[in-house]
Amino acid sequence: MEIMSAPEMAILPSGIVLPHHCNPTAGMPNGRIVIHEDTNGFDVVATRDIGVDELISFNYQSTEYDMSLCGDARCFGEIRGYKHVPVSRRTDIAATSSLLLINRSLPVTRAVSLGDVIASDITKVDVESEPGMAILPSGLVLPHHCNPTAGIINGRVVALSDMKPGEQLTVNVGVLRCNLPAPFQCHCGCRSCPGKIAGFGHLSADEQDRLMFLVEPDVRLQAAESGRIVVRSSAPHVRIDD
């Protein structure tokens, strides 16, 4: 069995590939894989029920005493995913990286001041395709945070705080709809985090007041018509007519 040629895959002599999984579907009887050369088959033992079309996988830590690093001068060390790649190294893999990953982790590349317009001419924001994400028409993906670095106001992404190069753009997805089609759990850890993000109409009166300046008029109208809004705002540039 060969592992080092593909660190995330175990390649058997027959060409069969077993992916790694920390909760594997299979293990080896007596600690070894038995290859049947006449049929190119092999013996593994199911460690749990396996559904139709589910991958056969096993935990490499049960077979490999030491999985060394690749040894290349450009080695990233521990491989944990795109999110954990240092910003300074992302250009090394940009040509082969998924655009969704790049956009999801997109940091600002210059210093940004409170009130700066980062993007404009935004006609629609997709919050339905992926819960916890605001996807702009350009493909830019802005993850949710209850204390975001930016807001979507009148078709523009506006900085809500000063930002240094490398900081991530985030928005409060919960204010973009009165009722989110797919509520999600937030784990941002900030003091104002309600835990479950279900939409503007589900926030407390104080939170609605605090975030009113980030809410588009159609969302406020829908919240008012459904009786899910406290008709007031302490923001000086928000006017609510009777």
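All values below come from the heavy atoms of this structure, side chains included, with hydrogens, waters and symmetry mates left out. For the single chain, residues carry numbers from 1 onward in sequence order. Note that the coordinates shown come from a computational prediction; the quantities given were computed from them, not determined experimentally.
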| said: Would Ile118 and Val158 count as a side chain to side chain contact (heavy atoms under 4.5 Å, CB included) here? Give the steps. | reply: CA-CA 6 Å; Ile118 300 168; Val158 181; over 6 Å; no
| task | Could you walk me through whether Leu180 and Val173 pass the side chain to side chain contact (heavy atoms under 4.5 Å, CB included) test, one step at a time? | result | CA-CA 9 Å; Leu180 286 174; Val173 174; 4.2 Å; yes
| task | List the steps and the verdict of salt bridge (charged side-chain N to carboxylate O under 4.0 Å, His left out) for Glu216 and Arg177. | result | CA-CA 9 Å; Glu216 293 294 289; Arg177 297 287 190 276; over 6 Å; no
| task | Go through the steps for Leu214 and Ile152 under the test side chain to side chain contact (heavy atoms under 4.5 Å, CB included), then give the verdict. | result | CA-CA 7 Å; Leu214 295 175; Ile152 301 175; over 6 Å; no
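With rounding to the nearest 0.5 angstrom, the CG atom of Leu142 is 8.0 Å from the OG1 atom of Thr170. We find the NE2-CD distance between His144 and Glu130 to be 14.0 Å, quoted to the nearest 0.5 Å. Note: Ser192 OG to Leu203 CG = 10.0 Å, rounded to the nearest 0.5 Å. Put simply, SG on Cys193 and NE2 on His145 are 8.0 Å apart, with the number rounded to the nearest 0.5 Å.
Side-chain contact between Ile197 and Cys146: present, with at least one pair of heavy atoms (C-beta onward) separated by less than 4.5 Å. Side-chain contact between Phe200 and Gln222 is absent, with no heavy-atom pair separated by less than 4.5 Å. Considering only heavy atoms from C-beta on, Val127 stays 4.5 Å or farther from Met133 through its side chain. Residues Ser226 and Cys178 have side chains in contact (heavy-atom distance under 4.5 Å, counting atoms from C-beta outward). In this structure, Asn147 and Cys188 have side chains that are not in contact, with every pair of non-hydrogen atoms separated by 4.5 Å or more.
At least one donor-acceptor pair under 3.5 Å links the side chain of Thr149 to the backbone N or O of Gln168. Checked by atom type and distance alone, the side chain of Asp116 never pairs as donor or acceptor with a backbone atom of Ala159 at under 3.5 Å. In this structure a side-chain-to-backbone donor-acceptor pair under 3.5 Å is missing from Gln208 to Ala205.
Between Arg220 and Glu225, none of the side-chain N atoms (NZ, or NE/NH1/NH2) sits under 4.0 Å from a carboxylate O, so this pair counts as no salt bridge. Using a 4.0 Å cut-off between charged side-chain N and carboxylate O, Glu207 and Arg210 make a salt bridge.
Nearest heavy-atom pair across Leu169 and Pro143 is O-CD, 3.4 Å. A pairwise comparison of heavy atoms in Pro183 and Lys196 identifies CB-CE, 3.7 Å as the closest pair. The shortest heavy-atom contact between Arg48 and Thr25 is NH2-CG2, 3.3 Å. Across Ala134 and Val125, no two heavy atoms sit closer than the pair CB-CG1, 3.7 Å. Ile122 and Leu136 get closest at one heavy-atom pair: CD1-CD1, 3.8 Å. Annotation for Val175 and Asn172: closest pair CG2-O, 3.2 Å, computed over non-hydrogen atoms.
Side chains of His202 and Asn179: a donor-acceptor N/O pair is present below 3.5 angstrom, by distance only.
Counted within 6.0 Å of CG on Asp49, heavy atoms from surrounding residues, nucleotides or ligands total 12 or fewer; the atom is thus considered open.
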